[in-house]
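Working notes, beginning with the structure itself.
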Amino acid sequence: MLELKMYINGQWVESESGKTFAARNPATGEVIAHLPEGTREDARRAVAAANENKHRIAEMPVWERARLCERIAEVMEKRREELARILTLDQGKPYHTEAQFEVRKAAEGWRNAAEHIKWLETSFIPVEDPHKRVFTIRQPRGVYAIITPWNFPLNIPIEYLAPGLAAGNAIVWVPAPTTSAVAVKMVECLEEAEVPPGVVNLVTGPGPVVGDEIVAHPGTDAVGFTGSSATGEHIARRAAGKPLLLELGGNGPTIILEDADLERAVQVTAEGCFLNAGQICCATERILVHERVHEEVVQLLVSAAQKVRLGDPFDENTTMGPLNNEPTAQKMDRHLRDAQEKGATLLYGGRRAPEYGSDLFYQPTVVDKVPRDSALFQEESFGPVAPVTAASSDEELLRLANDNPLGLVSAVFTESARRAFYFAERLQTGIVNINDSTLYWELHLPFGGASGKRSGIGRLGGKYTLLEMTDLKTICWDIGG
Ligand code: NDP
């Protein structure tokens, strides 16, 4: 059992209220740690610390900030087994197939920021006035409020923390309560790598309390958030006027055309549905299939679901652990019930699997004939489900894909370049993957939601995050003469 603390102004501290909350292993329900239940006052202390110390990172030369990010990567690599272990205990994802990978990617995220900040060039702009010389520089925004979810408790925070620090921002970070133990462990790595005290502050506790405080507080200059659309939109209102980087939900439409390599298409699509038990913003959440290959696709999906191994996340044979929390499991229950009431056919799975250790295990599920007015079709399910809907033409498949309030990542499987472009140019998502699942992404590629949808604002990834997390300043110099 771990007794963990928050990190404010370079000190490990209790909540000023003295209250704590328990972190539980979702695979067993056992308590693994106690953490401080932060209050608004704790959040205000963290914001004050970030403001007092922001000069330490803003004034640090760029190459030194890059070295700092490199050092953090080295510490995380050195502590990778411990980090992967606490990640599995806290989040529930399989240790061998997923947690170790997440830790590797986490270290890479710090290295990625270290590289990109060095090459972030700005422009020298020609002007009409012959006496002026005009150029731009990029500067840190100041103090960032960062709120992150529980599905990738290392990788998602690093998408903000690494470029945020590399760009010279101070940070106040509120992680999701159900994965705050692993957040503490990452901040230990930052401390070990000698991030200056007060530059990164960690406040644990309920999002609507400590998260709300840091978002709305006048002492934070900008906000980064990954999570649900509803909370993201609420945060945008609370943060009114501040620069926002919001990565919200997705509904991963995946179009499988009759000319596709079906075996490969279904194999990677099933991974898109079941990896991390479906708890991924870019998970495959709707499979829109040409009716000529509908039967074959459905059969292949069922056999892919049969191969998933639920079980103890520390067992080498396990490929899927439990869901992280009860509200997410309840959402799966609700979506599956609603889809069946509206006419969908359950082909495989479809219920919780407490026989594996806790009520949060959920069977990999395949549902066919999912109607467009069902919650399973319209909302983000965030569980291990492959929902199939068939249609008879490219136009109808496109209409189905775009008939959704979310627009993060889509995928198209076809051997025809013409049809691939037909979809790529018309799909209303920020990213379109052709002949790979909605999961494909690399750390330096721009990632984010399409305008007009509820999937977020701005772009994460490599230099694109740095552009979001810096102010562009224009310097106009009259040289006389
Ligand atoms: P939320 O978006 O509500 O929560 C994400 C984070 O925001 C949590 O740390 C939460 O804290 C915090 N938060 C909640 N309310 C506020 C607030 N008013 N001000 C500041 N921070 C706040 O998602 P949930 O965890 O409730 O999950 C619900 C659904 O959201 C999932 O089933 C999934 O569909 C979607 N989701 C999407 C993610 C993505 O990557 N796109 C990630 C996570 C969830 P607390 O838990 O204390 O409320």
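Just so it is clear, the structure is predicted and the values come from calculations on it, not from any experiment. Read the numbers this way: they start at 1 and go in the same order the structure lists the ligands and their atoms.
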(message) Applying salt bridge (charged side-chain N to carboxylate O under 4.0 Å, His left out) to Lys185 and Glu188, what does each step give before you reach the verdict?
(response) CA-CA 5 Å; Lys185 290 290 155 187; Glu188 284 179 14; 3.2 Å; yes

(request) Going by the salt bridge (Lys or Arg N to Asp or Glu O under 4.0 Å) test, name the single residue among Lys331, Arg454, Arg334 that passes it with Glu379. (result) Arg334

(message) Show me, by chain and number, every protein residue that has a heavy-atom distance under 4.0 Å to ligand 1.
(response) Ile147, Thr148, Pro149, Trp150, Asn151, Ala176, Pro177, Pro206, Gly207, Pro208, Gly211, Asp212, Phe225, Thr226, Gly227, Ser228, Thr231, His234, Ile235, Leu248, Gly249, Cys281, Thr328, Lys331, Glu380, Phe382

(message) Is it the case that the side chains of Thr39 and Ser15 hold a donor-acceptor pair, with the cut-off being a distance below 3.5 Å and no angle test?
(response) no

(message) Using a 6.0 Å distance limit plus a 45 degree cone around the ring axis, check whether Lys93 lies over the aromatic ring of Phe152.
(response) yes

(request) Could you tell me whether Arg85 sits above the aromatic face of Phe314, with NZ or CZ closer than 6.0 angstrom to the six-membered ring centre and within 45 degrees of the axis? (result) yes

(request) Please identify each residue that fulfils side-chain contact (heavy atoms from CB on, under 4.5 Å) with Glu341, with sequence neighbours left out. (result) Arg337

